[in-house]
Amino acid sequence: MRSFLLTLLTTALATVISGPLSGANAGLAPLMQNLPGRQTQLLDGHWNYILDIYELGFYNYRMREDPNGFFREAKPRTPSDLIEYDFDKAETLMVPGDWNTQRTDLLNYEGNIWYRRVFDYEPVTGKRVFVYFGAVNYECVVYLNGNKLGSHEGGFSSFNFEVTRFIRKGRNSLIVKVDNRRKVEAVPTNNTDWYNYGGITRSVYVAEVPGTFIRDYFVQLQKGSDTQLNGWVQLDGTGASQKVVLEIPELRLKHTVQTDEKGYALIDCPAKPVLWTPDQPKLYQVLLSCPTDTVADQIGFRRLETSGKKILLNGKEIFFRGICIHEEAPFRSGRAWSPEDAEVLLGWARELGCNFVRLAHYQHNEHMVRAAERLGLMVWSEIPTYWTIQWENPATLQNARNQLSEMIGRDKNRTNIAIWSICNETPPSEPRNRFLKTLADDARALDGTRLVAAAMEKKTVGNNTQTLDDPAADFLDVLSFNEYIGWYDGLPEKCDVSNWVFTQDKPVMITEFGGGALQGMHGDVAERWTEEFQESLYKHSVAMFKRIEGLSGTTPWILMDFRSPRRIHPEYQKGFNRKGLISDQGIKKKAFYVMQEWYQEIKALEDQRNKTKASGRK
Ligand code: GCB
């Protein structure tokens, strides 16, 4: 009954949050689940672009939205016609990809760029068609064949528009106005520590589905259970009241539900899956079918909960051996987006000994989350509520809520997602606490099966006593925080005298620590920017962590050096945050091996403990 009520609430909330969207989100269709499982045509490749610093393709000279904007793709009909732009003759940018690293003149560009892609399409009778964007940073307005489809705000989430009415047989033209200007009221706000890569940064697809299709579903184990599947399915289309069959062939499971007139049905059925673990990341083929549609997904199942200071995965205590990762491409820098980028980054995480990755500070591309799931890496997934958000601005709250529901909307079936994170290093105050409480409540209502957390900040009380004193900790599941003892906060030796005290009986997780080193720069342990300084900082930190009672996980900052406009030292930083354990060119620094050794040690102890427990049970 409880789960029934929860699911009802979840659906109601999902409609409230993702319903007709306010602000810069307009015209969107509810996101279709599992894009990789759909019939698609990829629109990646060369797109013509026009740089539009003054937004003259959008506004007329009275600053009104111009009905004859660039989306019309006007062409001179006679030689005397005046048309001052031409997509056909414009240069191209690769999609997906940030514009900054594709052309030196765009490296620091923050403004508007128009993209155009011409493609052929062969309509299939009875099919509905959507245009799906993996992500566009930060805001966009989208047009197909001269029709405005709508707009989207938020640089890291996926969204789609239905184009059934607008797509044509033969030549089609998709135009996207992208604006990456930073705004104080946005999420993130205008100040961050990462590069503001602009553009259509992830793949674009045309997706074809039947008239009535399985738009969305949620299939996971019921919280606290190993043997009960729980979730829902949502059809989209006419005649939505139908039978939907859930099948997991490997488990010989077949369960039929009947959708209501809104196309919605609860799923609740027994199952005995082999549980997903980092050592055995078992995924099952899951099929959902209704009379007109079938969609296949790879889904894993596991149980996750906390008990006092412990985090339990499938009932067993587990230490989250993690690492923070930005969506930054290895070797070439720029935004990462491809399956290959994901393989490299996550391969390094595995080599480090991780079973967990903190995907900072926003939702990463779907390849990343799915590859992590296959590789046995649990995920902390975050929205960019970062530093000094406008806590009292209702539009800012709405924006953050949208981004949270879009993040959960896309990735809720990925069993490796362990934690939804609602912010990073935000300063406590009444308005901020209320803002975060709303997000935490939303996250739980949308998905009650994960832990909800945030990267908070530690506090020093007295001389060397460190603690967490943040009211948000009351409504979060984990005492998770960033600390930079040894870098921003004293020298590495400060770790040796720091004591940690926590008043709440919840798991403790250190979501950032570390310091910068320029790979290849060597010197004394006391010399900042050397690999030796960073290595020593890691050694002191690890020794300190061993003394923290209830520590359940760490995610050092960060796997790889990344581009950031805040990092301007001409010799050591050169535009890069150098706290990576690996350089932007893929070379490991000394500190990598300190962390690797500690993680191997933890894993060996954990294996030993589980073995002893198992043999004790025999
Ligand atoms: C932090 C932030 C992270 C920064 C990092 C740093 O606390 O959460 O985004 O990049 O520190 O390097 O200072």
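When a ligand or atom number is given, it counts from 1 through the structure's own listing order.
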- Item | L313 to P278 - nearest heavy-atom pair and separation |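 Closest approach of L313 to P278: CD2-CD, 3.5 Å.
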- Task: Please list, by chain and number, the protein residues whose heavy atoms come under 4.0 Å of ligand 1.
- Result: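 Ligand 1 is contacted, at a heavy-atom distance under 4.0 Å, by D193, H361, Y386, N424, E425, N482, Y484, Y488, E512, W557, F562, R567, N577, K579.
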- Query: Could you go step by step and tell me if E327 and L359 meet the side-chain contact (heavy atoms from CB on, under 4.5 Å) rule?
  - Reply: CA-CA 8 Å; E327 197 179 45; L359 301 183; over 6 Å; no
- Item | With sequence neighbours excluded, residues passing side chain to side chain contact (heavy atoms under 4.5 Å, CB included) with E340 |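 For E340 the side chain to side chain contact (heavy atoms under 4.5 Å, CB included) partners, ignoring immediate neighbours, are S338.
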- Task: Tell me, please, which residues at least two apart from A329 pass side chain to side chain contact (heavy atoms under 4.5 Å, CB included).
- Result: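 If we apply the side chain to side chain contact (heavy atoms under 4.5 Å, CB included) test to A329, skipping adjacent residues, the hits are R332, A336, D341.
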- For this output row, return yes or no: ring centroids of W99 and Y49 closer than 6.0 angstrom.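 Not under 6.0 Å, so no.
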- Query: Which residues pass the side-chain hydrogen bond (donor to acceptor under 3.5 Å, both in side chains) test with N464, sequence neighbours left out?
  - Reply: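 Listed in chain order: nothing, the list is empty.
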